[in-house]
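What you see is a predicted model, and the numbers here were worked out from it, not measured in a lab. Here is the naming used below: chain letters follow the sequence lines, and residue numbers restart at 1 for every chain.
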Protein chains: 2
Amino acid sequence: MRRDIFQAIADPTRRAIIALIALQAMTPNAIAEHFDTSRQAVSKHLRVLTECELVKQTQQGREIYYELEISKMKEIDKWLNQFRKIWEERFDNLDKYLAKIQKERKHGKS
Amino acid sequence: MRRDIFQAIADPTRRAIIALIALQAMTPNAIAEHFDTSRQAVSKHLRVLTECELVKQTQQGREIYYELEISKMKEIDKWLNQFRKIWEERFDNLDKYLAKIQKERKHGKS
DNA sequence: CTATTGCGCAACCAAATAGTTGCATATATA
DNA sequence: TATATATGCAACTATTTGGTTGCGCAATAG
């Protein structure tokens with residue numbers, strides 16, 4: 001079974017759950033109430049999220065609170081970094097290009 | 001058929017393709033040579049990437065070059081932003097906490 | 001102690017997905 | 001013009017996935 005963070009955030013319901021519990025830990029029932037899915041469906045999503053360590057549980061009596069392991073989200077950020085370099089470069093090139101045009105215009109080359 | 005950028009980057013082969021063509025546009029055959037999959041499999045991945053506008057094609061004779069639409073990657077970055085706020089806050093709280101301990105130590109409360 | 005509640009888990013099912021095979025089409029080459 | 005090459009596309013298959021149903025277990029309430 002493939003189980004990584006990218007596969008975890010592929011599902012829109014799972015992204016919604018992540019956004020929801022980012023603010024505060026919640027029980028499966030409480031989470032399920034925010035969507036039109038069953039508690040079991042949410043439970044399965046939570047299992048996926050737990051398996052890739054995006055979420056951690058805290059038992060409190062018979063309730064289980066699920067909390068976002070927010071530092072894990074940085075892995076996505078880390079992966080994005082390689083592209084961030086490239087898109088910043090593009091902006092630099094655009095800047096240089098604009099500067100060049102500007103310069104040429106000043107010299108009456110337009 | 002669900003087709004968004006999060007689903008597109010869920011597949012590891014697709015992520016590898018993205019990283020590969022981020023540097024320079026490539027043809028399906030050239031891409032396939034970098035992996036141990038068939039050209040057709042790569043072609044299907046490219047279709048998925050094209051459908052969610054992560055990739056654009058340029059025909060050149062009988063070759064088709066696939067190029068990463070890098071600005072599209074910012075959508076992931078944008079989604080991450082909501083969590084970035086939270087994790088920065090956590091760091092702030094940690095800083096405050098450390099400052100507090102430091103202060104207490106100065107006052108001989110340790 | 002019994003009933004209820006919150007939950008996980010396994011079995012099952014329909015839909016989606018990644019990959020393969022076998023074409024068709026367009027461009028290039030001999 | 002005949003052949004080779006680069007590619008897309010449709011059909012088929014095995015696997016995965018998201019969801020449902022039903023069960024069992026532990027904690028709480030009556």
Side-chain angles (χ1 to χ4, degrees), chain A residues 1-21 24-69 72 76 79, chain B residues 1-21 24-69 72 76 79:
Chain A
M1 220 175 292
R2 187 154 39 89
R3 203 98 304 172
D4 63 44
I5 199 175
F6 293 100
Q7 195 262 339
I9 63 164
D11 185 82
T13 306
R14 229 134 49 202
R15 283 201 302 282
I17 292 177
I18 290 173
L20 194 61
I21 64 171
Q24 58 173 327
M26 291 177 81
T27 65
N29 267 322
I31 296 168
E33 276 168 19
H34 282 77
F35 307 103
D36 49 351
T37 8
S38 66
R39 176 192 63 82
Q40 278 88 343
V42 169
S43 200
K44 280 187 91 174
H45 284 306
L46 287 172
R47 177 150 56 151
V48 173
L49 294 172
T50 306
E51 275 169 14
C52 68
E53 299 176 295
L54 248 173
V55 142
K56 77 174 173 222
Q57 330 172 8
T58 318
Q59 186 110 22
Q60 222 163 96
R62 68 182 157 181
E63 294 183 324
I64 300 178
Y65 283 86
Y66 284 86
E67 183 184 352
L68 184 64
E69 196 73 76
K72 190 76 177 179
I76 303 166
W79 181 73
Chain B
M1 222 177 291
R2 187 157 37 92
R3 203 92 314 170
D4 63 44
I5 199 175
F6 293 100
Q7 195 263 337
I9 63 164
D11 185 83
T13 306
R14 230 137 48 203
R15 282 202 302 281
I17 292 177
I18 289 173
L20 193 62
I21 63 172
Q24 58 173 327
M26 292 178 80
T27 65
N29 267 323
I31 296 168
E33 277 167 20
H34 282 76
F35 307 102
D36 49 350
T37 9
S38 67
R39 178 193 61 80
Q40 279 88 342
V42 168
S43 201
K44 278 187 91 175
H45 284 306
L46 286 171
R47 179 150 52 152
V48 172
L49 294 172
T50 306
E51 275 168 14
C52 69
E53 297 177 297
L54 247 174
V55 142
K56 78 174 173 220
Q57 331 172 6
T58 319
Q59 186 111 21
Q60 220 164 96
R62 68 181 158 180
E63 294 181 326
I64 298 178
Y65 283 86
Y66 284 85
E67 184 185 351
L68 183 64
E69 197 72 78
K72 191 76 177 179
I76 303 166
W79 181 73

Working for side chain to side chain contact (heavy atoms under 4.5 Å, CB included), residues B:Glu33 and B:Arg39: CA-CA 8 Å; B:Glu33 277 167 20; B:Arg39 178 193 61 80; over 6 Å; no

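Distances shorter than 4.0 Å separate some side-chain N or O of A:Arg3 from OP1 or OP2 on D:dT17. Under 4.0 angstrom from either OP1 or OP2 of C:dT17 there lies no side-chain N or O belonging to B:His45.
Salt-bridge annotation for A:Lys44 and A:Asp11: absent, with no side-chain N of the basic residue lying under 4.0 Å from a carboxylate O of the acidic one.
When rounded to the nearest whole Å, the span between CZ of B:Phe35 and P of C:dT20 equals 14 Å. The nearest whole Å value for the distance from the OH atom in A:Tyr66 to the C1' atom in C:dG6 is 11 Å. Distance, A:Lys44 NZ to C:dA11 P: 12 Å, rounded to whole Å. In this structure, A:Asp11 places its CG atom 11 Å from P of D:dT17, rounding to the nearest Å. For the pair B:Leu46 CG and C:dG19 C1', the computed distance is 14 Å after rounding to whole Å. Taking atom CD of residue A:Glu51 and atom C1' of nucleotide D:dG18, one finds them 14 Å apart after rounding to whole Å. Whole-Å rounding puts the B:Gln57 CD to D:dC9 C1' distance at 13 Å. In this structure, the CG atom of A:Leu49 is 13 Å from the P atom of D:dT17, given to the nearest Å.
The two residues A:Ile21 and A:Glu67 make their nearest non-hydrogen contact at CD1-C, 4.0 Å. Scanning all heavy atoms of the two residues, the minimum distance from A:Cys52 to A:Asp4 falls at CB-C, 4.1 Å. When every heavy atom of B:Glu69 is checked against every heavy atom of B:Lys56, the shortest pair comes out as OE1-CD, 3.4 Å. Pairing each heavy atom of A:Pro28 with each of A:Ile64, the nearest pair is CD-O, 3.3 Å.
Heavy-atom distances under 4.0 Å link DNA chain C to no residue of residues 26-34 of chain B.
A donor-acceptor pair shorter than 3.5 Å can be found between the side chains of A:Tyr65 and A:Glu63.
Between A:Arg14 and B:Tyr65, it is B:Tyr65 whose nearest contact on DNA chain D lies nearer the 5' terminus.
Between atom OH of residue A:Tyr66 and atom OG1 of residue A:Thr27 there is a gap of 9.5 Å, rounded to the nearest 0.5 Å.
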Could you run down nucleotides 21-30 of chain D 5' to 3' and tag each one B, S or - for protein heavy-atom contact under 4.0 Å? BB----BS--

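No option in B:Val55, B:Val48, B:Leu54 other than B:Val48 meets the side chain to side chain contact (heavy atoms under 4.5 Å, CB included) test with B:Arg14.
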